[in-house]
Student: 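Submitted below is the structure of interest, expressed as C-alpha cells.
Position 1 is the first residue of the sequence, and the numbers go up from there. Atoms within each ligand, like the ligands themselves, are counted from 1 in listed order.
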Amino acid sequence: MVHYLPKDDTRPLAFDGSILGSESNIPSQFIWPDDEKPCLDAPELVIPTIDVGALLCGGDPLAVLKAAEAVNEACKKHGFFLVVNHGVDSGLIDRAHQYMDVFFGLQLSEKQKALRKVGESYGYASSFVGRFSSKLPWKETLSFRFCPDTRNIVENYMVHRMGEDFRDFGRIYQEYCEAMNKLSLHLMELLGISLGLDPAYFKDFFQANDSILRLNHYPPCQKPNSTLGTGPHSDPTSLTILHQDQVGGLQVFSDEQWHSIAPIPGAFVVNIGDTFMALSNGVYKSCLHRAVVNNRTVRRSLAFFLCPEMDKAVTPAAGLVNAENPRRYPDFTWASLLEFTQRHYRADMKTLDAFSKWVQEQESNKKATP
Ligand code: OGA
Ligand code: NI
C-alpha cells in the first residue's frame with residue numbers, strides 16, 4: 001500500500017526512515033504547529049530511583065516500605081519513576097535493542113509483511129497506516145501481543161507473519177516480554193503496598209493479562225525542531241515499562257512544563273497509564289509525555305504496556321473510594337478503552353474524562369433503545 005503526496009509532489013509517502021532520515025525537505029504532514037513544536041533542551045525531571053531488590057527477593061520489609069513511599073509520592077504527582085536492581089538480564093536488554101535493526105533495516109516491502117491494519121494493535125506501523133493525516137510521528141514501530149498463558153505467542157506471531165527465518169528474532173522478544181511480565185507483577189505488588197492495599201490486590205488482577213510490547217524506532221530527522229517522534233499522549237494502558245537507549249528523547253509534561261528524562265542504561269522508566277489511574281480512582285496520575293528526535297542518530301526504545309484481560313471489569317479498589325474521593329470513572333473494560341483510543345480519540349491528557357463521558361453516553365443510549 002503506497003500513499004502519495006498531492007499531485008505536484010510524487011514522492012511515495014510510505015515512511016521509509018532510511019530515505020527520510022537524510023531528507024532536508026520534510027513532508028508537511030510531519031511538521032507540527034508552532035505552539036506544539038518541541039524544545040530539545042528541556043530541563044530534567046526529578047523522579048525517584050526505586051531499588052526493587054528487596055521486593056524481588058522478599059528481603060528487608062523496611063526497604064520495601066521506603067520504596068513504596070517514594071512510589072506513592074511520584075505517582076500522585078506525575079506517575080513516573082525509575083526502577084533499578086530489577087533482575088532483568090542486561091544481555092537480554094542489549095539484544096532486544098540490537099535486534100530491532102534486523103527488522104527495521106529491511107526493505108519497506110519486507111517490513112510490510114507484518115503490516116498492521118487500521119484498528120489493529122499488533123504488527124508493523126509507520127505513520128501512514130494510521131487514521132491521521134497531520135502531526136504525524138517520526139517513527140516506525142513493531143508491536144506484539146503478549147499473554148502469559150499463551151505459549152510462545154510472540155515467537156509464533158513473528159514466524160507466522162515473516163517466516164521461519166524470524167524465529168530467533170521472535171524468541172528474543174518472547175523472552176523480553178516474559179521478563180517484563182514478571183517485573184510488572186512485582187511492581188503491581190509495590191503499587192498495592194504504596195496505596196495501602198493488600199500487596200496481592202493488583203498482582204492478582206494482572207496475573208492474567210493481555211499486554212503489548214512495542215519496539216519504537218526513530219530515524220534521525222533533519223528538522224528535529226519541527227517534528228516529534230511520538231506526539232504528546234498519555235498511555236491508555238495500565239503500566240508502562242520503558243527502556244530507552246543512550247540517545248535520549250523522552251519528555252514528560254509536569255508543572256506546566258516539558259521536562260526530559262535522561263537515559264540510564266541499567267534502569268527502566270516506569271509510568272502509570274490511564275487504566276491504572278482508573279483502578280486507583282484517580283489517586284495515581286497518568287501523565288502526558290512525548291519523544292523528540294534529533295538530526296544525528298537513530299533512537300530506539302522498548303515499551304512494554306501491561307494491560308488487563310480484554311473483558312475484565314476495570315473498577316477502582318474499594319479502599320480508594322470514600323467521601324473525600326468519590327467514584328471518578330465508570331466501570332469499563334480494556335477492550336472498550338482500546339477501541340475508543342483507536343477509533344474515536346487521539347490519546348492525550350483528557351483521554352479518561354472523554355472516555356468516561358463516551359461510556360456514559362453509550363449506556364444512556366442503550367437504556368433509551370432497549
Ligand atoms: C510510547 C512512548 C516514548 C519513547 O511508546 O508510548 O511514550 O521514549 N514512548 O519512546
Ligand atoms: Ni507513551
Side-chain angles (χ1 to χ4, degrees), residues 17 38-40 42 44-45 47 75 78-83 93 96-97 100 104 116 121-127 130 132 135-146 173 176-177 180 184 211-221 224 227-254 258-265 267-277 284-294 297-307 337-338 341-342 345-352:
C39 51
L40 300 183
E44 226 174 281
L45 186 69
I47 55 174
C75 292
H78 46 55
F80 274 79
F81 55 92
L82 295 171
V83 167
I93 301 173
H97 276 288
M100 270 201 223
F104 291 108
R116 163 173 157 191
S121 309
Y122 319 112
Y124 169 68
S126 65
S127 302
F132 302 112
K135 301 201 276 184
L136 295 181
W138 193 264
K139 70 169 172 182
E140 301 169 272
T141 61
L142 179 63
S143 307
F144 304 106
R145 180 180 188 192
F146 176 76
Y173 296 103
Y176 189 81
C177 283
M180 289 301 106
S184 63
S211 298
I212 301 164
L213 175 67
R214 179 162 303 149
L215 317 184
N216 291 310
H217 186 261
Y218 303 98
C221 175
T227 46
L228 277 169
T230 301
H233 67 284
S234 59
D235 295 334
T237 46
S238 299
L239 190 76
T240 305
I241 305 180
L242 183 90
H243 195 275
Q244 54 173 341
D245 69 8
Q246 277 309 291
V247 176
L250 174 62
Q251 296 188 343
V252 177
F253 194 72
S254 176
W258 285 102
H259 293 81
S260 61
I261 293 192
I264 300 176
F268 289 106
V269 182
V270 174
N271 70 275
I272 298 294
D274 294 336
T275 304
F276 196 87
M277 184 167 166
Y284 281 1
K285 304 292 182 280
S286 165
C287 181
L288 208 58
H289 56 283
R290 68 184 184 187
V292 300
V293 288
N294 70 82
T297 178
V298 61
R299 173 173 181 260
R300 302 171 188 84
S301 72
L302 300 152
F304 180 81
F305 302 101
L306 182 73
C307 313
L337 177 56
L338 185 62
T341 56
Q342 285 183 339
Y345 196 85
R346 200 168 182 161
D348 66 9
M349 188 123 72
K350 301 186 198 81
T351 308
L352 255 194

Student: Purely on distance, is any nitrogen or oxygen of Asp235 under 3.5 Å from one on ligand 1?
Tutor: yes

Student: Looking at His289, which atoms of ligand 1 are within less than 4.0 Å of one of its heavy atoms?
Tutor: 7 (O)

Student: With heavy-atom distances below 4.5 Å as the criterion, would you say the side chains of Tyr176 and His243 are in contact?
Tutor: yes

Student: Can a side-chain donor-acceptor contact be found between Asn271 and His78 if the only test is distance below 3.5 angstrom?
Tutor: no

Student: For a 4.5 angstrom cut-off between non-hydrogen side-chain atoms, does Tyr173 reach Leu302?
Tutor: yes

Student: Would you indicate whether the side-chain heavy atoms of Ser254 and Leu45 approach each other to under 4.5 Å?
Tutor: yes

Student: Output the list of atoms in ligand 1 that are nearer than 4.0 Å to some heavy atom of Leu242, sorted by atom number.
Tutor: 8 (O)

Student: Quick one: sort the His217 and Phe104 rings into parallel, tilted or perpendicular, breaks at 30° and 60°.
Tutor: parallel

Student: Considering only heavy atoms of His233, which atoms of ligand 1 have at least one such atom less than 4.0 Å away?
Tutor: 1 (C), 2 (C), 6 (O), 7 (O)

Student: Mind checking whether Leu242 and Val270 have side chains closer than 4.5 Å, heavy atoms only?
Tutor: no

Student: Tell me which N, O or S atom from Asp235 is the closest to the Ni ion (ligand 2).
Tutor: OD1

Student: At their closest point, which heavy atom of Pro224 faces which heavy atom of Pro38, and how far apart are they?
Tutor: O-CG, 3.5 Å

Student: Which ligand 1 atoms are under 4.0 Å away from a heavy-atom of Phe305?
Tutor: 1 (C), 5 (O), 6 (O)

Student: Which atoms from ligand 1 have a heavy atom of Arg299 less than 4.0 Å away?
Tutor: 4 (C), 8 (O), 10 (O)

Student: With only distance considered, is Lys139 within less than 3.5 Å of ligand 1 through an N or O on each side?
Tutor: no

Student: Taking 4.0 angstrom as the limit and counting only heavy atoms of Tyr218, give me the atoms of ligand 1 inside it, by number and element.
Tutor: 3 (C), 4 (C), 9 (N), 10 (O)

Student: Show which atoms of ligand 1 fall inside a sub-4.0 Å distance from at least one heavy-atom site of Ser301.
Tutor: 4 (C), 10 (O)

Student: Any donor and acceptor pair, going by atom type alone, linking the side chain of Trp138 with main-chain N or O of Val292 inside 3.5 Å?
Tutor: no

Student: Which protein non-hydrogen atom lies closest to atom 5 (O) of ligand 1, naming both residue and atom, and how far is it?
Tutor: Asn216 ND2, 3.1 Å

Student: Have a look at the Ni ion (ligand 2) and estimate, to 10 degrees, the angle subtended by NE2 (His233) and NE2 (His289).
Tutor: 90°

